[in-house]
Amino acid sequence: MIDDYVAADAPVRVIDAFVAGLDVAELGFDRALPAATGRPPYDPRDLLRLYIWGYFNEVRSSRRLERECRRNVEAMWLLRRLSPDFKTIADFRRDNGAAIVGACRAFVMLCREAGLFQARLVALDGSKFRAVASRKKVMGRKEIAHEVAHLDGKIADYLAGLDRQDAAEPDDAPNAVTTAIAALEARRGELGRLASRLDAEGHAFVVEGEEDARPMGKGSAPKPPSYNVQTSVDADTGLIVHHEVTDEPTDNRLLYPMAKATRDVLAENELTVVADAGYSNGAQADACERDGITPCVPANRSVNNQGGGMLFDRTAFTYDRATDTYRCPAERMLVRKQIMRRDACVLYAATDCSDCTLKRQCTTAERRFLTRHFHEDALERMNARVKADPDLMRKRRCAAEHPFGTIKRMTAGGRFLTRNLTGTRTEMALSVLAYNILRAINIKAAIA
Ligand code: SF4
């Protein structure tokens with residue numbers, strides 16, 4: 001019997017038992033209730049089992065899964081020797097995105113009900129995963145204008161050729177030329193649509209063929225089309241509580257949405273979240289605090305490089321809330337000068353620095369300026385929490401970076417196989433579900 005070849009403690013048995021307990025009709029899987037007539041479809045539970053097992057074992061493509069169903073003992077056991085073809089497998093993932101995300105959430109709920117989320121500290125982190133589209137498909141306004149000019153030139157050449165042909169042989173219009181012109185005009189129309197999308201969304205680039213992806217990366221190197229995958233990880237168990245695939249190029253606007261969604265999943269009134277400096281955002285920290293979430297994120301301030309970086313930094317200045325002024329090391333005042341809405345801060349300026357004996361240590365300009373963020377208090381409170389407990393950042397590293405290491409190994413170094421947010425969210429739900437099952441098995445083994 002095939003069952004003899006599957007170890008009693010094999011993870012595939014956990015996958016089988018978890019899926020068997022799911023209410024697939026409630027989760028919204030297609031064909032969860034077979035029709036009374038016609039050929040019976042594959043049970044969605046079987047295809048879901050196959051996909052979770054596949055992501056668990058780094059087998060993600062529908063063609064490879066089809067092969068494994070015919071030769072791999074675990075896959076044969078899991079599907080009771082059913083062997084769906086690759087199209088059935090691929091269609092299942094394409095058509096059941098929301099239900100697969102729901103199945104991933106159901107496992108988190110199972111862990112919550114089992115009391116696995118004890119600590120009320122979660123670590124947020126983000127990582128870039130490569131989209132299917134290649135770098136060559138990244139189009140900016142410059143690239144679009146260049147190609148439009150090239151197409152216009154070619155269309156004009158073809159039309160001139162047609163005019164010459166018509167003059168010579170009026171009744172013999174060459175079909176190949178008119179077809180080529182139609183193709184060039186269709187391409188031109190497509191470029192016009194891309195340009196309109198850039199204008200409407202206010203982005204600098206669009207990825208042709210996968211318009212939800214964004215060029216992402218650091219530095220001046222060419223940025224490949226990618227998605228920003230966010231996770232919130234329970235610091236105690238290493239389980240992923242909540243995840244999201246976003247098209248945000250940075251983590252800067254994701255502190256509050258991720259923290260709030262995590263708190264909702266845990267159904268807790270209070271929660272502490274820790275994240276790296278990339279999440280430092282005063283408005284988001286303020287929103288977290290107002291919602292009962294305690295954010296711990298180190299400040300991400302630009303360094304004053306003037307004077308070789310040896311000038312007084314902002315900690316040398318004391319803010320006086322009553323007068324809304326700063327007091328400098330020479331005991332003089334910096335007063336409110338200007339609101340800088342684009343940078344969400346207020347500019348303060350010293351009134352007179354001309355005769356100050358500390359000026360060489362303070363500024364290279366005529367007088368000293370200082371900015372204060374609109375949500376400076378929330379930023380300072382967040383930074384103070386991190387400084388008060390230096391172990392927080394170590395806990396963050398241990399909790400948040402390990403899941404991405406495992407998921408990237410499962411996904412060929414962090415590459416999606418499907419396009420756009422709909423497809424990538426389905427894929428990431430399968431990866432997170434496979435990771436969480438693996439983690440839960442390891443926790444249980446450690447306890448036993
Ligand atoms: S240079 Fe101006 S701001 Fe700086 S310490 Fe002197 S008086 Fe104060």
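Start at 1 and go down the list; that is how both ligands and their atoms are numbered.
At a cut-off of 2.8 Å, measuring from atom 2 (Fe) of ligand 1, the protein N, O or S atoms that fall short of it are Cys353 SG, waters left aside.
Ala133 and Val207 make their closest contact through CB-CG1, 3.5 Å (heavy atoms, listed as atom of the first residue, atom of the second, distance). Considering all non-hydrogen atoms of both residues, Ala106 and Leu22 come closest at CB-CD2, 3.7 Å.
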(message) The test is ring pair (Phe, Tyr, Trp, His ring centres under 6.0 Å); show your working for Tyr435 and Phe56 and say whether it passes.
(response) CA-CA 7 Å; Tyr435 167 82; Phe56 197 95; over 10 Å; no

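Here Trp53 contributes atom CH2 and Leu65 contributes atom CG; the two are 7.0 Å apart, rounded to the nearest 0.5 Å. With rounding to the nearest 0.5 Å, the separation of SG in Cys362 from CE in Met310 is 14.0 Å.
Using cut-offs of 30° and 60° for the angle between ring planes, the Phe92 and Tyr51 rings count as parallel.
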